[in-house]
2 protein chains.
Amino acid sequence: MSDLLKRLRERGWRLTAQRRVVAEVLSGDHIHLTADEVHARATERLPEISRATVYNTLGELVSLGELLEVSTDHRATRYDPNARRPHHHLLCDRCGTIRDVHPTGDALSALPESERFGYTVSDVALTYRGICPNCAA
Amino acid sequence: MSDLLKRLRERGWRLTAQRRVVAEVLSGDHIHLTADEVHARATERLPEISRATVYNTLGELVSLGELLEVSTDHRATRYDPNARRPHHHLLCDRCGTIRDVHPTGDALSALPESERFGYTVSDVALTYRGICPNCAA
DNA sequence: CCCTACGTTGGACAAGGTCTAAGTCAAGGC
DNA sequence: GCCTTGACTTAGACCTTGTCCAACGTAGGG
Ligand SMILES: [Mn+2]
Ligand SMILES: [Mn+2]
Ligand SMILES: [Zn+2]
Ligand SMILES: [Zn+2]
């Protein structure tokens, strides 16, 4: 994830200990942590890091396109470092576990012009729901 | 919407003024109100109805399958009385307006077995995002 | 090594939603 | 019709998630 730090450097970010730790916590590809989970893990490495800074950093990473927000019913927003390869999600209705999935076809083009109501449509999210093997047992 | 009241009757619900008013407020087919919007409209007809009762009633209607929850990033959950005909949603990123849409194809079958990770997949929600003509102007 | 603009902090604040204890009332039985 | 009773409603406390702010700290250019 020093790739990320390098890109941030290039965009004029100051490399603070806090930002480094948040970036470390988010390294990995199939992770979908909540802000408070990120904060908890960051605290292990940098005990004095504040909730506000975690929220700030996550928000900045999202607006730079380095992180995706994944929001699911009635639960805290999750942050997805797998922002480079587009994908969708499969949720367990019982335990909330999320998996990355890659359905076939292009859902964006599945919305005909007559169903766009003058909107400029830019994106589509597919959220599959079900029960994971762990919860089914 | 007295159809709804009748179905509730049959399921052993007491027909209180509060439930009647919530059912009335929700009548219609392309409505996506938040709980507080439902409460505001209900209050016009029944000034003393409480927020808790609105939340209780909405929750009950959802678990009976009479209402759908539509949750969108960082905004209040919306409640959708169009639970009978399956459909998907198109959201405006600026103002939050929701439209019902009917994309072509079957998104459920677009998820290959190899991408199901042992889950029993029961449902899929498509959420299109964009800018509505009103906000684009 | 200094300076300063950018970053961080803790805590107040806000919105959305849940829970509870006490009071109210729908509706079945007489 | 009137009682009775358990289901329903109520106000407000409380919780979780997330935002904002003024004071303080520090990365990094000069
Ligand atoms: Mn993902
Ligand atoms: Mn709808
Ligand atoms: Zn599960
Ligand atoms: Zn709009």
Side-chain angles (χ1 to χ4, degrees), chain A residues 2 4-25 32-43 45-64 67-80 96, chain B residues 2 5-6 8-25 32-43 45-64 67-80 95-96 98:
Chain A
S2 57
L4 170 55
L5 292 176
K6 200 171 139 208
R7 287 197 296 279
L8 298 181
R9 200 69 262 288
E10 284 161 8
R11 305 211 206 200
W13 277 33
R14 287 196 187 168
L15 291 190
T16 65
Q18 290 84 349
R19 285 172 171 172
R20 241 185 288 266
V21 166
V22 170
E24 274 173 39
V25 165
H32 304 90
L33 299 172
T34 65
D36 279 343
E37 286 165 356
V38 171
H39 183 235
R41 298 192 184 192
T43 298
R45 299 168 187 235
L46 187 65
E48 68 276 22
I49 190 172
S50 73
R51 251 174 107 255
T53 293
V54 170
Y55 273 104
N56 286 343
T57 307
L58 292 173
E60 289 157 350
L61 290 170
V62 167
S63 61
L64 292 182
L67 259 194
L68 297 177
E69 289 185 292
V70 182
S71 54
T72 68
D73 303 352
H74 294 249
R75 298 185 202 242
T77 299
R78 294 183 173 274
Y79 292 87
D80 187 343
Chain B
S2 58
L5 292 176
K6 201 172 139 209
L8 297 181
R9 199 70 263 286
E10 283 160 8
R11 305 211 207 201
W13 276 33
R14 288 200 187 165
L15 291 189
T16 65
Q18 290 82 349
R19 286 173 170 171
R20 242 184 287 266
V21 166
V22 170
E24 274 172 39
V25 166
H32 304 90
L33 298 174
T34 65
D36 280 343
E37 286 166 356
V38 172
H39 183 234
R41 297 192 185 192
T43 299
R45 300 169 186 232
L46 187 67
E48 68 277 22
I49 191 173
S50 72
R51 245 170 116 253
T53 293
V54 170
Y55 273 103
N56 287 342
T57 307
L58 292 174
E60 290 157 350
L61 291 171
V62 167
S63 62
L64 292 182
L67 258 194
L68 297 177
E69 288 185 294
V70 183
S71 55
T72 66
D73 302 352
H74 298 252
R75 299 186 202 246
T77 299
R78 292 182 173 276
Y79 292 86
D80 187 343
C95 66
I98 299 183

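In the text below, chain A, chain B and the rest are named by the order of the sequence lines, each starting its count at 1.
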Of the listed dG18(D), dG7(C), dG17(C), the closest approach to the Arg51(B) side chain comes from dG17(C)
Using the side-chain contact (heavy atoms from CB on, under 4.5 Å) definition, which of the options Thr53(B), Ile49(B), Asn56(B) pairs with Val22(B)?
Ile49(B)
Looking at dC6(C), I'd like to know if its phosphate oxygens (OP1 or OP2) sit under 4.0 Å from a side-chain N or O belonging to Thr16(A).
no
In whole angstrom, give the distance that lies between atom CG of Leu15(B) and atom C1' of dT9(D).
15 Å
Shortest non-hydrogen contact from Arg78(B) toward His32(B)
NH1-O, 2.6 Å
Between the base of dA7(D) and the side chain of Arg14(B), is one N or O donor paired with an acceptor at under 3.5 angstrom?
yes
Picking from Glu37(A), Arg41(A), His39(A), what satisfies side-chain contact (heavy atoms from CB on, under 4.5 Å) with Val54(A)?
His39(A)
Of Arg9(A) and Ile49(B), whose nearest nucleotide on DNA chain D comes first from the 5' end?
Ile49(B)
Whole angstrom value for the distance that separates C1' of dT26(D) from CG of Leu46(A)
14 Å
Side-chain N or O of Gln18(A) versus OP1/OP2 of dG25(D): is the shortest distance under 4.0 Å?
no
Integer-rounded Å distance: dG10(C) C1' and Glu48(A) CD:
13 Å
Pair Glu48(B), Leu46(B) - check side chain to side chain contact (heavy atoms under 4.5 Å, CB included), show working.
CA-CA 6 Å; Glu48(B) 68 277 22; Leu46(B) 187 67; 3.6 Å; yes
OP1, OP2 of dG18(D) versus side-chain N and O of Thr77(A): anything below 4.0 Å?
yes
Compare all side-chain heavy atoms of Arg11(A) with those of Leu64(A) and state whether any distance is below 4.5 angstrom.
yes
Just to be sure I understand the rule, does Ala76(B) reach a base, reach only the sugar-phosphate, or reach nothing, if contact means heavy atoms closer than 4.0 Å?
sugar-phosphate
Between atom CD in Glu60(A) and atom C1' in dC6(C), what is the gap in whole Å?
10 Å
What is the distance, rounded to the nearest whole Å, between atom CG of Asn56(A) and atom C1' of dA22(D)?
14 Å
For Arg19(B) and dA26(C), what is the distance between atoms CZ and C1' respectively, to the nearest whole Å?
11 Å
Return whichever of Arg75(A) or Ala17(A) has its heavy-atom-nearest nucleotide of DNA chain D closer to the 5' end.
Arg75(A)
If you take any heavy atom closer than 4.0 Å to DNA chain C, which residues from residues 32-39 of chain A end up in contact?
none
Sidechain-backbone polar pair: Arg19(A) side chain, Thr57(A) backbone, donor-acceptor under 3.5 Å
no
Is there a side-chain polar atom (N or O) of Tyr55(A) under 4.0 Å from OP1 or OP2 of dT19(D)?
no
Taking CG from Leu58(A) and P from dG18(D), how many angstroms apart are they, rounded to a whole number?
10 Å
Rounding to an integer number of Å, can you tell me how far Leu8(B) CG sits from dA7(D) P?
17 Å
Using a 4.5 Å cut-off on heavy atoms from C-beta on, say whether the side chain of Asp36(B) contacts that of Arg51(B).
yes
